[in-house]
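Report on the structure given below.
So that the names make sense, note that chain A is the first sequence line, chain B the second, and so on, each numbered from 1.
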There are 2 protein chains.
Amino acid sequence: MKPNVYAAECPTRQILDRVGDKWAVLILLLLREEAMRFNQLRRTIEGISQKMLSQVLKSLERDGLLKRRAIATVPVTVEYSITQLGVTLAAAVDPLRDWAEENLKDVLAAQRRYDAQQKEEAA
Amino acid sequence: MKPNVYAAECPTRQILDRVGDKWAVLILLLLREEAMRFNQLRRTIEGISQKMLSQVLKSLERDGLLKRRAIATVPVTVEYSITQLGVTLAAAVDPLRDWAEENLKDVLAAQRRYDAQQKEEAA
DNA sequence: CTTCTATAGTAACCAATGGTAACTAGATAT
DNA sequence: ATATCTAGTTACCATTGGTTACTATAGAAG
């Protein structure tokens with residue numbers, strides 16, 4: 001049976017939702033570079049709260065995209081590293097990040113045109 | 001200046017957020033196949049409400065990813081079609097959809113393993 | 001002439017998610 | 001004793017997402 005992303009119950013859509021997660025993708029791309037600890041991630045990703053980081057890391061681990069390893073130091077440190085599955089997902093996200101960087105200007109320009117148009121029509 | 005997706009104010013992150021939009025990607029992929037009217041989209045994408053469809057179409061138009069064309073029929077019909085910019089974004093999303101279809105099984109299996117583990121630890 | 005259909009939305013309201021700030025716990029340093 | 005580091009959790013509030021009902025217009029059906 002072929003997946004149909006337009007069907008509501010299609011599990012493939014769950015995965016698109018997961019990528020839709022604002023922070024998940026950023027974390028994966030970072031962990032692809034190197035394994036990192038909790039606070040290290042928090043400091044690197046501007047604007048993420050401890051709660052969200054904890055939450056997203058948990059769900060990424062659940063999906064098998066990263067591994068969590070607690071190390072018995074004092075205080076305890078926890079290392080997060082990407083899995084093979086996570087690497088393939090990160091690779092699939094690359095074209096998207098590239099698109100964003102390449103086409104940012106066009107999108108912002110389109111937004112300005114649209115907003116100017118709206119303003120004009122309102123007058 | 002090179003964009004840094006980990007910086008909070010980086011506009012590139014706005015675009016990742018846009019792709020993160022649950023419905024936006026589905027709409028783009030559909031419109032790449034053929035131009036469609038409002039209710040046609042609504043019927044094709046299971047689970048989307050009129051409000052969300054209207055909202056998302058508006059923001060996609062603002063971003064220059066699709067064009068809206070009102071046709072003076074009775075009742076008025078409105079045709080949405082993808083732009084060149086939209087086509088390139090849809091292309092960047094393809095690897096992601098492919099990944100989802102290919103790796104869905106692995107992700108679901110990982111989730112089951114994780115949940116079983118959690119249950120065991122709770123006991 | 002009233003009701004039903006279709007079109008493409010908008011408005012009011014409620015539920016779920018996202019984000020903020022404070023707190024926990026254990027050990028070490030000042 | 002107090003502050004610091006680690007990795008979180010908890011309670012709370014704001015924003016977003018979703019559901020349902022409604023608008024306007026015109027033609028067809030009864």
Side-chain angles (χ1 to χ4, degrees), chain A residues 6-9 13-27 30-31 35-63 66-81 114 118 121-122, chain B residues 6-9 13-27 30-31 35-63 66-81 114 118 121-122:
Chain A
Y6 307 113
E9 358 62 44
R13 207 147 98 178
Q14 291 170 22
I15 292 181
L16 283 182
D17 285 355
R18 128 86 42 250
V19 176
D21 187 319
K22 183 175 177 177
W23 305 110
V25 165
L26 294 177
I27 293 174
L30 264 180
L31 291 182
M36 289 178 93
R37 285 171 305 119
F38 187 89
N39 278 326
Q40 204 177 354
L41 282 164
R42 186 159 72 90
R43 281 187 291 261
T44 306
I45 302 172
E46 282 182 24
I48 196 166
S49 66
Q50 289 174 309
K51 180 189 128 185
M52 288 311 297
L53 181 55
S54 169
Q55 214 170 86
V56 175
L57 285 172
K58 216 174 272 180
S59 75
L60 286 172
E61 189 193 0
R62 186 171 109 96
D63 288 353
L66 58 78
K67 285 189 293 291
R68 196 192 101 112
R69 190 166 64 97
I71 306 166
T73 53
V74 165
V76 181
T77 57
V78 178
E79 191 191 65
Y80 292 94
S81 56
Y114 183 92
Q118 294 303 105
E121 280 170 23
Chain B
Y6 307 113
E9 0 60 44
R13 207 148 99 178
Q14 290 170 23
I15 291 182
L16 283 182
D17 286 353
R18 126 87 42 248
V19 176
D21 188 319
K22 183 176 177 176
W23 304 111
V25 165
L26 294 176
I27 292 174
L30 264 179
L31 290 183
M36 287 177 94
R37 286 171 303 120
F38 188 88
N39 278 324
Q40 203 178 355
L41 282 165
R42 186 160 71 90
R43 280 188 292 261
T44 307
I45 302 171
E46 282 181 25
I48 196 166
S49 66
Q50 290 175 309
K51 180 188 129 185
M52 288 311 297
L53 181 54
S54 170
Q55 214 170 84
V56 176
L57 285 172
K58 217 173 272 181
S59 76
L60 286 172
E61 189 194 359
R62 186 171 109 97
D63 289 353
L66 58 78
K67 283 188 295 290
R68 195 193 102 112
R69 188 166 66 97
I71 308 166
T73 54
V74 166
V76 182
T77 56
V78 178
E79 192 191 66
Y80 291 94
S81 55
Y114 183 92
Q118 293 303 105
E121 280 170 21

Would you mind building the protein contact string for nucleotides 12-30 of chain D? One character per nucleotide, 5' to 3', B for base within reach (heavy atoms under 4.0 Å), S for sugar-phosphate only, - for untouched. -----BBB-B----S----

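- For the atom pair K58(B) NZ and Y114(A) OH, the distance stands at 6.0 Å (nearest 0.5 Å).
- Smallest separation of non-hydrogen atoms from A24(B) and V56(B): CA-CG1, 3.8 Å.
- Rounding to the nearest 0.5 angstrom, the gap separating the CE atom in M52(A) from the CD1 atom in I27(A) is 9.0 Å.
- For the helix from dC1(C)-dG30(D) to dT30(C)-dA1(D), the end axes, each set by the C1' atoms of five terminal pairs, are bent relative to each other by 30° (nearest 10°).
- Rounded to the nearest 0.5 Å, atoms OG (S81(A)) and CE (M36(A)) are 12.5 Å apart.
- From T44(B), atom OG1 reaches atom CG of L30(B) across 6.0 Å, with rounding to the nearest 0.5 Å.
- As rounded to whole Å, 15 Å separates atom P of dT4(D) from atom CG of N39(A).
- Between F38(B) and Q50(B), the closest heavy-atom pair is CZ-O, 3.8 Å.
- Here CG of L66(A) is found 6.0 Å from CG of L57(A). Values are rounded to the nearest 0.5 Å.
- Between dG8(D) and R68(A), a contact under 4.0 Å exists linking OP1 or OP2 to a side-chain N or O.
- Considering every non-hydrogen atom in both L26(B) and I45(B), the closest pair reads CD1-CG2, 4.2 Å.
- Residue contacts for R43(B): at a heavy-atom cut-off of 4.0 Å it reaches the sugar-phosphate backbone alone, with no base atom in range.
- Along DNA chain C, read 5' to 3', the first and last nucleotides having any atom under 4.0 Å from a heavy atom of chain A are dG18(C) to dT28(C).
- Here the closest heavy-atom approach between residue L53(B) and residue L41(B) is recorded as CD2-CB, 4.0 Å.
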Are Q40(A) and Y80(A) close enough, and set up right, to give a side chain to side chain contact (heavy atoms under 4.5 Å, CB included), and what steps lead you there? CA-CA 10 Å; Q40(A) 204 177 354; Y80(A) 292 94; over 6 Å; no

